[in-house]
Asks: 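Submitted below is the structure of interest, expressed as structure tokens.
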There are 2 protein chains.
Amino acid sequence: MTPSDECCSPLTGEPLGEERAAALAPMFKAMGEPVRLRLLSLIASHQGGEACVCELTGVFDLSGPTISHHLKVLREAGLITGERRGTWVYYRVAPERLAQVSTLLDLAPAT
Amino acid sequence: MTPSDECCSPLTGEPLGEERAAALAPMFKAMGEPVRLRLLSLIASHQGGEACVCELTGVFDLSGPTISHHLKVLREAGLITGERRGTWVYYRVAPERLAQVSTLLDLAPAT
DNA sequence: TCCCTGTTTCGATGGATGTCGATACAGACG
DNA sequence: CGTCTGTATCGACATCCATCGAAACAGGGA
């Protein structure tokens, strides 16, 4: 499913339709795992806006395949993008997707 | 676990610590289920800022216990609060929690 | 070419989770 | 008090998911 949907009115606007909810949920689900949330944070806060997988694996007491799996989930949720440069693979966040979620949760500033 | 933690600097600020991530993940996990995301949206967008369970059950093709279970997950994640008034139970969102998440995902406006 | 390292995929497994029916609890009303 | 309705809990079950080791793939160098 291509997440090329236009953006999101806040939750408070109108009830989320079934399809919209089904499209948004995977993003939250991806961030709903502590390791993945930390991975996302590590990538987002990394200098240069990107982080090498080789730098991420060492942070956790988890096997390489497990880290790779979590990165795949984040990638398929559209939250990060990966690029191979030579031997190493670099990941960076997808800012528009994070902004989309942030906007969704923005309750009306002042009622 | 009391979610009385201080607020959140954006993801881009510094890497999320293990505890902070463990505290935040349940919120995302709760919203990572389409039915729960719609429930949250239904409550958030409902007139008066609160919604009766009796109005929520009919929206979905799911049993009462299942809806009750999802509301419990949202409640335990701190995203909604419930109050019984007579026969019916009313739920409303916890604005500060949603704002917390929204802020967390707010990437620095301009780098 | 062969090997070495970094990363991903595969297959298996134990534990978490969404769903249901049955049941229990809470409050209103005769 | 008994009963009816709305909501929550319980127990069970099927499915999903995080994790691992083994193996495959990618690229760089000897």
Side-chain angles (χ1 to χ4, degrees), chain A residues 1 16 18 21-43 46 50-92, chain B residues 1 16 18 21-43 46 50-92:
Chain A
M1 53 187 77
L16 234 42
E18 189 171 351
L24 288 169
M27 271 194 291
F28 288 107
K29 183 178 292 188
M31 291 187 283
E33 218 283 339
V35 172
R36 285 199 290 264
L37 196 53
R38 292 181 65 195
L39 280 171
L40 184 65
S41 159
L42 281 166
I43 296 168
H46 198 276
E50 64 181 11
C52 173
V53 175
C54 59
E55 296 175 282
L56 299 173
T57 39
V59 176
F60 304 90
D61 202 19
L62 292 172
S63 70
T66 297
I67 298 297
S68 188
H69 162 70
H70 284 312
L71 289 171
K72 182 180 184 179
V73 173
L74 288 169
R75 197 185 338 126
E76 290 180 338
L79 292 169
I80 60 174
T81 58
E83 179 198 3
R84 165 161 242 136
R85 287 204 300 275
T87 303
W88 296 280
V89 175
Y90 297 86
Y91 280 97
R92 51 177 63 232
Chain B
M1 55 188 82
L16 234 43
E18 190 172 351
L24 288 168
M27 269 194 291
F28 287 107
K29 184 179 289 188
M31 290 187 281
E33 217 284 337
V35 172
R36 284 198 292 264
L37 196 52
R38 292 181 66 195
L39 280 171
L40 184 64
S41 158
L42 280 166
I43 296 168
H46 197 274
E50 63 180 13
C52 174
V53 174
C54 60
E55 296 175 282
L56 299 173
T57 39
V59 176
F60 304 89
D61 202 19
L62 292 173
S63 71
T66 297
I67 298 297
S68 187
H69 162 69
H70 285 310
L71 289 171
K72 182 181 185 180
V73 173
L74 287 169
R75 195 183 342 123
E76 291 180 337
L79 292 169
I80 61 175
T81 58
E83 179 198 2
R84 164 159 243 138
R85 287 206 299 275
T87 303
W88 295 280
V89 175
Y90 297 87
Y91 280 97
R92 52 178 61 232

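Below, read A as the first sequence line, B as the second, and so on, with proteins coming before strands; counting in each chain starts at 1.
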Asks: Cation-pi between Arg75(A) and Tyr91(A): NZ/CZ under 6.0 Å from ring centre and within 45° of the ring axis?
Replies: no
Asks: Closest approach to the side chain of Cys54(B), judged atom by atom: which nucleotide of dG6(C), dG6(D), dA8(D) is it?
Replies: dG6(D)
Asks: Where do Leu71(A) and Ile80(A) come nearest, in terms of heavy atoms and distance?
Replies: O-CD1, 3.6 Å
Asks: Apply the test side-chain contact (heavy atoms from CB on, under 4.5 Å) to residues Phe60(A) and Arg38(A): give CA-CA distance (whole Å), side-chain angles for both, the deciding distance (0.1 Å), then the verdict.
Replies: CA-CA 10 Å; Phe60(A) 304 90; Arg38(A) 292 181 65 195; 3.6 Å; yes
Asks: Would you please confirm or rule out a distance under 4.0 Å between OP1 or OP2 of dC17(D) and any side-chain N or O of Lys29(A)?
Replies: yes
Asks: Would you classify Arg85(B) as touching base, sugar-phosphate or nothing, given that sugar-phosphate means primed atoms plus P, OP1 and OP2, and contacts are heavy atoms under 4.0 Å?
Replies: nothing
Asks: Once you apply a heavy-atom cut-off of 4.0 Å, does His69(B) come out as touching a base, just sugar-phosphate, or nothing?
Replies: base
Asks: Using atom CD1 of Ile67(A) as one end and atom P of dA18(D) as the other, report the distance to the nearest whole Å.
Replies: 12 Å
Asks: Rounded to the Å, how far apart are Phe60(A) CZ and dC20(D) P?
Replies: 12 Å
Asks: Choosing from dT9(D), dT7(D), dT8(C), which nucleotide comes nearest the side chain of Leu71(A)?
Replies: dT8(C)
Asks: Can you identify which nucleotide, out of dT19(C), dT7(D), dT7(C), has its nearest atom closest to the Thr66(B) side chain?
Replies: dT19(C)
Asks: Return the 5'-most residue of the pair Val73(B), Pro65(B) with respect to DNA chain C, ranking by each residue's nearest nucleotide.
Replies: Val73(B)
Asks: Check whether any side-chain heavy atom of Val59(B) lies under 4.5 Å from a side-chain heavy atom of Ile67(B), and answer yes or no.
Replies: no
Asks: Between dT9(D), dT8(C), dA18(D), spot the one nearest the side chain of Tyr91(A), thanks.
Replies: dT8(C)
Asks: Whether His70(A) contacts dC17(D) is assessed here as follows: a side-chain N or O lying under 4.0 Å from the phosphate OP1 or OP2. Is that the case?
Replies: no
Asks: Name the nucleic acid region contacted by Gly64(B), choosing base, sugar-phosphate or nothing; use a 4.0 angstrom heavy-atom cut-off, strictly under.
Replies: nothing
Asks: For Thr87(A), report the nucleic acid contact type (base, sugar-phosphate, nothing); a contact means any heavy atom under 4.0 Å.
Replies: sugar-phosphate
Asks: Choosing from dC20(D), dA22(C), dG6(D), which nucleotide comes nearest the side chain of Arg84(B)?
Replies: dG6(D)
Asks: With respect to the side chain of Glu33(B), which nucleotide from dC20(C), dT19(C), dT7(D) is positioned closest?
Replies: dT19(C)
Asks: Using a 4.0 Å heavy-atom cut-off, does Leu62(A) contact any base of the nucleic acid, only the sugar-phosphate backbone, or nothing at all?
Replies: sugar-phosphate
Asks: Would you indicate what Tyr90(B) reaches in the nucleic acid, counting non-hydrogen atoms under 4.0 angstrom: base, sugar-phosphate, or nothing?
Replies: nothing
Asks: Could you give the distance from CE (Met27(B)) to CG (Leu24(B)), rounded to the nearest 0.5 Å?
Replies: 5.0 Å
